[in-house]
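Keep in mind that the numbers below use all heavy atoms, side chains included, and drop hydrogens, waters and symmetry copies. Numbering starts at 1 and runs along the sequence shown.
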Amino acid sequence: MEFTELADYPLPPGTVTEWTPAAVNPPELWPVDQRPASYIHEAHLKHAEQAKRQAHHHNDGCTPSWLGTSFRIHDRLDRRIWAATLDHWIDRHEVLRTRVAMEGEAIVRRTAGPGDVRILGNEVGHLASSMSVFTHLQQLLDRSTDPLVWPAYQFATIEGPNHFTVVFAADHALLDGYSVALTAHELQTIYRSASEGSPPSPPETGSYIDFGTRERDLVGHADCSHPAVQTWREFYAQGEAPLFPALPEPVAGRRVPQQSLSAWLLSARGAERLAEASKRSNQGFLAAILACAAKVTGDLTGADEFRVVVPQHTRSELRWAASLGWFIGVVPVRIPIAPAATVSDLAKVAGTEMRRVRPAAALPYSKVCELIDSPQHLPFVLSYMDVRHVPGAEQWTSWQTRGLRSRDHSGTDVYIWLTRTPEGSIWPYATQATRAQAATSISSRDSYAAKWRTLPSRPTHAHLRPTPLYRSIPLHRSRRTLMEMTPIDLWAPKAGTLTEFRPTEQSLTAASRAPLSDQPLSFLQEGHIRTADHKRAQGVDWSPWIGFTFTLPGDLDREALRRAVQAFVLRHNTLHSWFEVRPSEDPGGSGVIDRHVVDESTIELAPHSVGSLNTTDAVREHVSRSFAGDTSPLQWPSFTSGAVEHGTGAGFTIYYGVDHSHTDGLSLMLGVEELRALYIAESAGIDAQLPSPGSYVEYSGEERAAAKNLDLAAEPVQQWISILAANAGQLPTFPLDLGVAQGEQTRSTRTHIDVLDSDESAAFAALCKSNGVGFSTGIFAALALTEIEVADRANYFALNAVGTRSDPRYLFSQGWFINLVPVSFTLSGVTTFTDALPLAHAARAAVKGLADVSIHSVIAQASKLTGSDIGGTSVPPMVSYIDMRLIPGAEHHDELEARALGGPGTTGDLSMWINRKEDRTYVMVSFPDTEQAHTSVDRYLRHLRNVLRTVADTGDYRVVRKADARQEVETA
């Protein structure tokens, strides 16, 4: 994503509408908020106040300092939905609902609550030329982003025939460059979701206001002895604040507009070559960039040292990953330029320097200025940002997404932003003060960029390489990323030296003596544990674990990973439990399940060397045996973890497996994020600052308490009884023969099939939208038509899997947060796909109230009348639909080679997962591994694909029932 001024963005002519936030009460009447401003926000505010005072004595006026973005949405503008989209976004980001201002001599914050700010649209009219659009918007954004008033941000839209362009700007106090990069995807996602009739569901995010409080708590007490102060003192002992190396005399007197340069620095292949070369030298990509800058400085100016200020993000906790705010610190960098030094030589120096100064970013520069005599203004800054994996980055080109910034005025400043895009290229963006007599400065700047561009492609520097291991917390990663499940038989890990992290003998002894707990199990856990006990009684090894694996670059710090895994286990108290089934006192009753809880003070892990495993098969077989044998819920621990080192500089793979009673799919995704963050923090000797996770043990107790209020007269029970009565009193089953007798189970297998490509998915979604329903409702309608035609079913009945993390306490928890709700509707009279849509929509709407009512607790009551029961099966056959496009950062797992892993299990029926991605919609199923099942499942999935593609291609699908087909044959 290129950053440009608004003048450089190709604004189309069209109908312009201004979208302005408005509050129920004026900001001066909002409640006082005691949370302090961040240091950088306070400094920015004081600078704006000073500039305002100076404006009274000069004719300059106050210079805008906004950032923003512009992008295209490929749909007609629905004003109601767009206003609702912006309302939702403003509610989501508290920083957009707060005002920090000088009231007398004090800085006072006032904050409005969610729902207290709403967007108002004002149609300006049709502007017939790009110049008229630019002129209007430039003036609008400049006057609407004053940091001293609220709101300090503004939206506008430009309507085209089948699309509209969004322009957004906000004062720098509200957001940084990474926030800008997040904006297009968030707004596109919310608008698309609302257009399709689905509730917006972006991941939860932290508040930048809370960040300011956290920052003050951490560094407010800092004094001149702080290490960061010493770093800056040493830097300034060697000279003043650095200037651009090739800059002539600064412009004196009146401030003048700066000129911008934006150019390709590297092609996609060139960027990749630089990355590979950097990696071979065990240096980061930023070190290589700084080395190139130092080399150019030496070649052009003869300087013996390169000095620059480098921004570093301060999003040190996962909760800030998707937040709007100004999460930036800066560090001073000095790189000596030895005679005849190569870029490779300089990269090593730069890498060492960055590792030395990086911790200084934690102390805000304005705080440094309070403590020592240092210049408050930094005229030469070089920033690097890798945006290849920012959510939605792969769509930026089609969306025509650009980052925007206000015009700047300065006689000395040169800021360079280097951005690596999804295409693997890097954009430099530099500003340089200009005037008639300063033409030489422009020439110097252009020569600097041109010289720089030649360096990375030289073969003599081909041994440089980046290692992203020491990025603190991954900025672009969501708390809700999704990985496709990979059977462990298909996992292909690299060979290497394997280390496991096992409980010590003292921990195992303490666990075996762990006392009983009166905390109940969740319903899912109970069914799962009873099945495990039944299998063990039959002599069957059964532990349906699931797990994850991901790979990091660099060399493994074993002790850091041991501490990280142990911290992970201690954070999630469901992992402290093991279960035991003892006979019931009632001869005809089920066994009694006891929960034993291990005292966390006795939990300690130790590394255990397995040794060198020289083949992929050897690694996979060892890990598979460990997952199968060491994760039973009837023992402790029911988890296992380890790492495979692939050789010096070749990276290492981390793996983790756990019994399903303690986890679910989302928990695995959260686990990748959390364990990686913990390892990075432990290896760097810092606190990971992760959000506190809720307890699945507490959730289980709450679920049981809610179930106590259910009896036969309860509305959820009556609703279930009604649905079961319409379906012969039984839970749903797959409509075709799977080669397994009713009530029996056999080994399961998995397969998947792509059913729609990107264009077909869009066409299918558009048809659903035109009929007033969402994509997922269309999926259930297509499933119903498939069952009419392949099985002549008169009623569609399925169990829809839904998540139960409705309480924010459990957003980061490890646990089995899943429920099933019934979707049932009659198929009589249905002749087309569009006939089925309103029926599917009504069926799903009718059961929304059942999402938080455990299916197990309801069935326990309903079975008293119907005789229906789920027996020992913890999770009946189900249908799941997820729009993976709404999960920011899902594509980033390719970089980590992150995978969810599953082992062999048993089943007597079929479960189905339908997922929509940017490039396709696919179906994955788990079913009995029998010859008949393979035949039936293949027939079903091919038929479903035909229904979906026909709808996408033609706009509808005509049902042909078996009787109709026979009639057609007889007539023919």
Side-chain angles (χ1 to χ4, degrees), residues 2-23 27 44-45 47-49 51-56 58-72 77 79 82-83 86 90 96 99 101 117 119-160 164-175 180 183-184 187 254-260 262 400-410 429 431 433-434:
E2 181 186 4
F3 268 83
T4 69
E5 292 183 7
L6 186 64
D8 297 322
Y9 186 84
L11 293 166
T15 300
V16 174
T17 302
E18 300 171 358
W19 302 90
T20 306
H44 182 74
L45 184 66
H47 176 76
E49 281 282 354
K52 181 180 179 181
R53 289 193 295 270
Q54 292 175 347
H56 291 303
H58 301 84
N59 296 321
D60 297 26
C62 189
T63 303
S65 57
W66 55 261
L67 298 177
T69 186
S70 187
F71 57 92
R72 177 170 290 186
L77 175 62
R79 294 173 180 272
W82 179 244
L86 298 181
I90 292 169
L96 301 176
R99 175 179 181 257
V117 174
I119 208 78
L120 299 178
N122 172 45
E123 183 173 323
V124 176
H126 183 79
L127 301 183
S129 69
S130 295
M131 180 56 69
S132 61
V133 173
F134 162 73
T135 301
H136 179 85
L137 293 184
Q138 184 73 68
Q139 295 173 355
L140 171 70
L141 301 184
D142 283 353
R143 71 171 182 264
S144 302
T145 53
D146 186 342
L148 302 177
V149 301
W150 185 92
Y153 58 99
Q154 179 71 52
F155 302 90
T157 55
I158 312 161
E159 292 178 66
F164 62 99
T165 299
V166 177
V167 180
F168 164 68
D171 179 71
H172 204 336
L174 304 182
L175 72 173
V180 170
T183 298
L187 291 176
R254 183 183 176 88
R255 294 178 305 139
V256 296
Q258 289 193 328
Q259 186 186 65
S260 300
S262 183
Q400 299 183 21
T401 305
R402 296 273 185 91
L404 301 175
R405 54 154 293 180
S406 57
R407 295 168 295 181
D408 202 2
H409 296 70
S410 171
Y429 178 77
T431 62
T434 65

Which distance, rounded to the nearest 0.5 Å, do you find between the [atom1] of [X] and the [atom2] of [Y]?
X: W19; Y: L120; atom1: CH2; atom2: CG; answer: 9.5 Å
X: F71; Y: F168; atom1: CZ; atom2: CZ; answer: 9.5 Å
X: L137; Y: L127; atom1: CG; atom2: CG; answer: 8.0 Å

For P64 against S406, the heavy-atom pair lying closest together:
O-OG, 3.3 Å

Would you name the heavy atoms of T165 and S70 that are closest together and state the gap between them?
CG2-OG, 3.6 Å

Could you go through the side-chain contact (heavy atoms from CB on, under 4.5 Å) check for L86 and L187 one step at a time?
CA-CA 8 Å; L86 298 181; L187 291 176; 4.0 Å; yes

Do [X] and [Y] make a side-chain contact, defined as non-hydrogen atoms from C-beta onward lying under 4.5 Å apart?
X: E18; Y: S144; value: no
X: H47; Y: S65; value: no
X: N122; Y: T20; value: no
X: W82; Y: V166; value: yes
X: D142; Y: W66; value: yes
X: L11; Y: V167; value: yes

What residues form a side chain to side chain donor-acceptor pair (under 3.5 Å) with T135, not counting sequence neighbours?
none

Quick one, V117 with L96, criterion side-chain contact (heavy atoms from CB on, under 4.5 Å). Give me CA distance, side-chain angles, the key distance, then yes/no.
CA-CA 9 Å; V117 174; L96 301 176; over 6 Å; no

Please report the C-alpha distance between V16 and I158 in whole Å, then the side-chain angles of each, then the deciding distance to 0.1 Å, and finally whether the side-chain contact (heavy atoms from CB on, under 4.5 Å) criterion is met.
CA-CA 5 Å; V16 174; I158 312 161; 4.3 Å; yes

Partner set under salt bridge (charged side-chain N to carboxylate O under 4.0 Å, His left out) for E123, not counting sequence neighbours
R79

If you apply the rule side-chain contact (heavy atoms from CB on, under 4.5 Å), what do you find for L148 with L45, and how did you get there?
CA-CA 7 Å; L148 302 177; L45 184 66; 3.3 Å; yes

